[in-house]
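Keep in mind that the numbers below use all heavy atoms, side chains included, and drop hydrogens, waters and symmetry copies. Residue numbers start from 1 in every chain, and the chains themselves are labelled A, B, ... in the order their sequence lines are given, proteins ahead of strands.
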Amino acid sequence: MAQKPAIPKGTRDFSPVEMAKRNFIFDTIKSVFLKYGYQPIETPAMENLSTLMGKYGEEGDKLLFKILNSGDFLAKADESLLAQKDSVKSTIQISEKGLRYDLTVPFARFVVQHQNEITFPFKRYQIQPVWRADRPQKGRYREFYQCDVDVVGSDSLMNEVELIQIVDDVYKALNINVLVKLNNRKILTGIAEIIGEADKIVDITVAIDKLDKIGLDKVNDELAQKGLSDEAINKLQPIINLSGSNAEKIETLKTVLSDSEVGVKGIEELETVFAYLATLDIKTEVELDLTLARGLNYYTGAIFEVKALDVQIGSITGGGRYDDLTGIFGLKNVSGVGISFGADRIYDVMNQLDLYPKESIVSTQLLFINFGEKEALYSLKALQSLRNAGIKAELYPDSVKMKKQMAYANKKEISFVAMAGENEMNEGKVTLKNMTTGEQQLVTVEEMIKIIG
RNA sequence: GUGAUUGUAGCUCAGCUGGUUAGAGCGCUGGAUUGUGGUUCCAGAGGUCGCCGGUUCGAAACCGGUCUUUCACCCCA
């Protein structure tokens, strides 16, 4: 036990059954992405630290996995810096690469680097793992998959609408009940302007983001702690407490934010998105939620978040519009909007609710019992025809006790077992056993294909 | 990063205030049944009690450290 190998904290192995379930999720998401005209790309697991650092805030920098330089990296490093024992400064000396933290920043890098080969608007999806040196807990891992869809090079709000359609399609296909929360960063900026605390926008959004969790009083406490005047906090109250239908909320905001140019722009954008959505057949409820802020600093327009309604877990999908992201890498005026599906959390939700369709987890459909070399060769021929007909079939490789071979079929949940011994071979047939009913019949290969297929 | 929490057979767990050969259920292997699994019966294998160190005549149990699990904060998918 003690000597057994282990895997690093916050990482997981996936068994065949788990992989079948995960692939069902990935395949579903992928097929929806393709349906909307998005194309796949992949980027390396590691990026230069210079492209990663500073993009996720100070916290994010700490959560980046850094890769030690190759060779005698300590000898090449500046001794005086190492002697200071300052981890942040020393990192630059001994590490120049890191594991990607999300897919959006590498994508921005990709767009800038390949700008001359890309046709805009560029619609891409990307399904790859990302790594964060976070402390693991429920629904939180150090290695997890993101499924990103983004479109860059288009300002049209049609894209926002399309992303919501995609969310609706994906969760309909997965059979998960969700709520889409929608907000707009411009409205948040407008609010900060109106109450005269424009420079505290980040503190304000972080605080009101917690409303659900800690309640109104504590949010106000936190706001005061961040240095907001009582007057500003008072002005904020009607906004934090905003309720009613989406249309009602928008009406209220219109009067409150009428003096803020950005705020008005934000309201217009939201109104347009809701108006477009109203003309479409969308099953999922979309709710305007002003407390939705999301930590990432680069959102400039719409902000999305998707919550599962039947399971208590963090958000399972999130995203938004970012006008300036490629600007960091030197390409100006390219606006993008995208969302990210958290495959691992979706997996946890699906598991808890047991939502997998039976077909999604079948492996082998038919097992041939091995009675010996001559019989095995006879079975092999039949297997070719079955496989050509699209049936997943296998032959037990060793001619061991039948009991053992049957137990193997049972454990792998193979629904049919075929037996071809001397009698069957003489007739040019096989005995087919249905493992759920226990019935057996003598049939030809063609008949088998009909029964199983 | 802060504060808690967990770790005993492949799995889920028991093991009282430290005292001889550490237990159960399930699973696994073999047999009853040498061309029939999933049910039943019988037998068997499997554990330096997470790891390192300390206290003690004696530690799975007490203490320290470390790794791991889970949870809250922070942040986030």
Integer angstrom distance from the [atom1] of [N] to that of [M]:
N     : M     : atom1 : result
B/G54 : B/C73 : C1'   : 34 Å
B/C63 : B/A43 : P     : 42 Å
B/U6  : B/G10 : P     : 23 Å
B/C52 : B/U33 : P     : 49 Å
B/G46 : B/C57 : C1'   : 32 Å
B/U20 : B/G31 : C1'   : 35 Å
B/C28 : B/G65 : C1'   : 37 Å
B/U2  : B/U17 : P     : 33 Å

Determine whether a donor-acceptor pair (N or O, by modelled atom type, separation under 3.5 Å) exists between the side chain of [X] and the backbone of [Y].
X        : Y        : result
A/Asn48  : A/Ser50  : no
A/Asp168 : A/Lys283 : yes
A/Asn175 : A/Leu355 : no

> So what does A/Lys433 touch, heavy atoms closer than 4.0 Å: a base, only the sugar-phosphate, or nothing?
Replying inline: base

>> Does the structure show A/Phe144 stacking with B/A77, if we require the centres to be closer than 5.5 Å and the planes to be within less than 30 degrees of parallel?
In response: yes

>> Ignoring hydrogens and geometry beyond distance, is the side chain of A/Gln405 in donor-acceptor contact with the base of B/G35 at under 3.5 Å?
In response: no

> Can the ring centroids of A/Tyr396 and A/Phe368 be said to lie less than 6.0 angstrom from one another?
Replying inline: no

> Taking the nucleotide of RNA chain B with the closest heavy atom to each, which residue, A/Arg135 or A/Ile316, is nearer the 5' end?
Replying inline: A/Arg135

> Which nucleotide, B/C76, B/G35, B/G37, lies nearest any side-chain atom of A/Arg345?
Replying inline: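 The nucleotide sitting nearest to the side chain is B/C76.
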
